[in-house]
Amino acid sequence: MRRKLNLTRADRVGYLVGGIALLAWAVRRPTWFRGGAAGVGGWLLWQAYTGSNPLFRPLGIRVNPRPAEVDAHETIVVEDAVTISRPRAEVFAFWRRPGNLPRLLEADAELVRERPAVELAWRGVRAGRLAHFGSLEFRDATGARGTIVAARLEYVPSGGSLGAALARMTGHAPQRLLAESLRRARALLETGEAPSTRGQPVGPR
Amino acid sequence: MKAVCWHARLDVRVERVDDPVLINPRDAIVRVSATAICGSDLHLYGGFVPGMLKGDILGHEFMGEVVEVGPAVANLRPGDRVVVPFPIACGNCFFCRRELYSLCENSNPNAWMAEKVWGYSPSGVYGYSHLLGGYAGGQAEYARVPYADVGPLKVPDGLSDEQVLFLSDILPTGYMAAENCGIQPGDTVAVWGCGPVGLCAIACALLLGAERVIAIDRFRERLRLAALKLGAETIDYSEDSVLEALRELTGGRGPDACIDAVGMEGHAHHSVAHAYDRVKQAVMLESDRPAALREAILACRSGGTISMPGVYGGLIDQFPVGAMMNRSLTLRTGQTHVQRYMRPLLERIEAGELDPSFVVSHRMSLEDAPAAYRLFRDKQDGCIKVVLRP
C-alpha cells in the first residue's frame, strides 16, 4: 500500500539536495559525528523518495500530487465532517446561499457543481488565481440524527509541508477555517445564532 | 458595574467594568442577587486551569432578576427571579435533546481549544477559562445569560436566595454524583471530600436510598456537619488509613459505591500542547493529590461503582486500571447536566425534602471577593461555602 504523501514537490527537492549535501560532507572526511550526519542525510533521501515525513503524519497533512483542477499543480488536502440535527434539504439550502461556502481568507467562492441535497462544489479565487477548491457532500445520518456534511478542501500550498505543519500547530491553518465554518453552520441551523462573547465586559487585561 | 476579575494565580480583584449587553437574540441580562464561590473556582484561583486571561470575570453559580431579554426569549420577562445553571446549553443539539446539557455542541465558541486538549468540546461554562468559551461569569452585579429560553429556572418568591442558589451547580452536582452510584437498597456509599459538593452528594445519596454513607475528610467542621446534619459516619484521613477503616466499616467487602468529590485540586496536570508533557509529568511526580480517586477505586467493593463529580482537567498517572478491570468496577463521571435536575430538585426543596443552605458558612459582599477566595482556599475560619452579594 502506498504511503500517504505529506511532502510537496518543492519539499522533496529540498530533502534530496539536503540529503546529498549531508552525505557528501560526511564522505569527504569520515568521523563519528559526520557518520551521524550521513544517517540524517540518508533519512532525508528516503523521505524525498517516499514523499512522506513521519513527523508530519500525526498532524494529518496530506498532499495530493494530481489534483482534479488542472490549474493546480499540487494541493494540500483537508477534510472534516459535521452532523447537524436538521433535515438534508434545509442543510443543503443553507450552504447554497451565497457567502456560506467555506473559503480561505480573501478568496471569492464560485459554485462549479451542484446536485441538490447531495453535493456542492466550488472554487475559491483570489486575485484572479485559483487559491483553493472544495466540495460538500450531504447524506442522512443514522437513526434520524439529521444530516452529515462531509467537507473536502484542497488548497495550493505556500511554504510547503513545514509551513502547513506550523500553521496547524498554531491553529491558523485551513483545517481550522474549515472546522469553524462547519461549526458555525451547525450552530446557526440548530440554534438560530452563532455562539459569541464579542462585546461582553472584561476587566483590565 | 463591579465584577470579580481573575488577574493572576492567587490574585482576584474587584474591578469596574462595562455592563453586559445582549449579544445574541436568545440572550438575557440578569441583575445578580446572590453568587457563590465554587470549589472549582479554586482551581482557577490556584492557576491549575489553562486558558485564563487577566481580566476574565469569574463565577458560575449565580441567580438574580431578569432585567432585559433578547427578541427570541419568550418565556422570561424583566422582573422574573431566576437561578442560572452553570453549563451554557442551546437546548437544540444532539446532546441537549438527550438531556446531556453539559455536552452541548453549540455553546462553546472556542471549541477548537477544548478539542486540542480533550478530543471533543463540552459546553461553554460561565467564567471558567477560554477553553470553555471565555464567557464572562456571574460574580458581578450583572451577567449576560445566553440561551435564556432554555437555561434559567424561575423560582418562587417564597424561597430564600440561599435555598435555591445552589440549584445552579452544587446541588445538582451532588445529586448526579449520587444518581451515578446506581444506589440499591442496603447500599453503603463512601464520599471522599466533604466540601459543598461532597455534602450535597451525601444528602442526595441518603435521599436516593443509601442505607449508610461514610464521609471522608480531614477538616473537623466539615466532618461534623456530615455527621450531625446529615447522619453520615466519618473517617478523618489525617488520622486513619482510609482503606483499612472502610474495610472494617463495611464488613470486609468495601463500599458499594465511592464518590470522588475532591477532583484535581493541587494537580498541575494540564497540557495544551504535547510539548508540555514532560514538564507536566515532572510536576505530577511531586504531587500525591490524585490519591482520592486512586483510593476510591481501591476501596470500592468488587462490581461496584466509582462516581466522579470532582473536576479533572488533564492527565493523571498511576491510575489503578488493573483494579478496575479485574474487579468489574464502573467509573461514571461528567460535568453536571444541571438543566436536567433543576426543576425536580426545586420541587424537593419546596417540599422540604432538601435544604442545601446548610453548607453556607460565610456571607460576604462582592467587594470582599479577594478575601473570600483566600479564606475558602485556606479553609480558614471554618470556611465551607461563601455566598457573595453585590
Side-chain angles (χ1 to χ4, degrees), chain A residues 55-60 78 80-87 90-91 94 102 140-149 165-205, chain B residues 1 3-7 12-27 53-58 70 72 88-97 104-113 115-116 121 123-124 130 133-136 140 142-144 146-147 150 273-275:
Chain A
L55 300 179
F56 291 159
R57 251 173 251 155
L59 293 171
V78 295
D80 204 347
V82 69
T83 307
I84 299 175
S85 304
R86 305 297 306 165
E90 187 186 334
V91 174
F94 173 86
D140 293 331
T142 53
R145 291 180 185 189
T147 305
I148 293 173
V149 184
L166 289 175
R168 269 210 81 138
M169 285 189 282
T170 53
H172 294 296
Q175 182 84 41
R176 170 84 197 286
L177 286 168
L178 187 63
E180 291 302 335
S181 170
L182 296 181
R183 226 194 305 272
R184 180 174 169 275
R186 183 180 58 203
L188 286 171
L189 279 159
E190 291 184 351
T191 75
E193 58 187 47
S196 172
T197 56
R198 209 162 288 172
Q200 73 174 8
V202 61
R205 284 271 191 234
Chain B
M1 66 165 184
V4 180
C5 296
W6 190 89
H7 253 251
V12 301
R13 300 179 192 179
V14 177
E15 304 275 8
R16 279 228 163 262
V17 301
D18 293 338
D19 287 354
V21 293
L22 299 173
I23 293 174
N24 274 331
R26 294 170 64 183
D27 290 356
L53 290 178
K54 189 179 164 192
D56 287 349
I57 299 172
L58 294 167
I88 301 173
C90 75
N92 308 109
C93 70
F94 174 85
F95 296 98
C96 286
R97 287 182 185 186
C104 173
E105 294 193 286
N106 287 321
S107 61
N108 184 357
N110 301 332
W112 67 276
M113 291 187 201
E115 285 179 357
K116 274 200 196 290
S121 174
S123 76
H130 290 260
Y135 285 97
Y142 294 89
R144 167 199 169 220
Y147 313 111
V150 296
H274 186 68

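No hydrogens, no waters, no symmetry mates; every other heavy atom, side chains included, goes into these values.
Ranked by heavy-atom pairs under 4.5 Å with chain A, the list B:G133, B:P146, B:G55 is led by B:G55. Of the residues considered (B:M1, B:K54, B:H7), B:K54 shows the highest number of contacts with chain A, using heavy-atom pairs under 4.5 Å. By number of non-hydrogen pairs under 4.5 angstrom with chain A, the leading residue of B:N108, B:D27, B:I57, B:D19 is B:I57. Contact count against chain A (heavy-atom pairs under 4.5 Å) is highest for B:D18 among B:V4, B:N110, B:V21, B:D18.
Within the 3.5 Å criterion, the main-chain N or O of A:A194 finds a donor-acceptor partner in the side chain of B:N24. A distance-only check finds a donor-acceptor pair linking the side chain of A:R186 to the backbone of B:E105 [under 3.5 Å]. A donor-acceptor contact shorter than 3.5 Å is absent between the side chain of B:R13 and the backbone of A:G203.
Contact annotation for B:E115: only side-chain heavy atoms (C-beta onward) come within less than 4.5 Å of a heavy atom of chain A. In this structure, chain A has a heavy atom under 4.5 Å from the side chain of B:I23, while its backbone stays farther away. Proximity to chain A (any heavy atom under 4.5 Å) is shown, for B:P25, by both the backbone and the side chain. At a 4.5 Å heavy-atom cutoff, the contact between B:R144 and chain A is made by side-chain atoms alone. Heavy-atom distances place the side chain of B:R97, and not its backbone, under 4.5 Å from chain A. Heavy atoms closer than 4.5 Å to chain A are found in both the backbone and the side chain of B:A136.
Distance CG/B:N92 to CD1/A:I84: 13.0 Å, rounded to 0.5 Å. With rounding to the nearest 0.5 angstrom, the CZ atom of A:R183 is 7.0 Å from the OG atom of B:S121. A distance of 4.0 Å separates CZ of B:F94 from CZ of A:R145, quoted to the nearest 0.5 Å.
The two residues B:W112 and A:R176 make their nearest non-hydrogen contact at NE1-NH2, 2.8 Å.
The one candidate from B:P109, B:S123, B:C90, B:C104 that meets the side chain to side chain contact (heavy atoms under 4.5 Å, CB included) condition with A:P195 is B:P109.
For residues 188-205 of chain A, the set of pairs meeting the salt bridge (charged side-chain N to carboxylate O under 4.0 Å, His left out) definition, not counting sequence neighbours, comprises A:R205-B:D56.
Shown here are the side-chain contact (heavy atoms from CB on, under 4.5 Å) partners of A:I148, two or more places apart in sequence or in another chain: A:T83, A:R139, A:A141.
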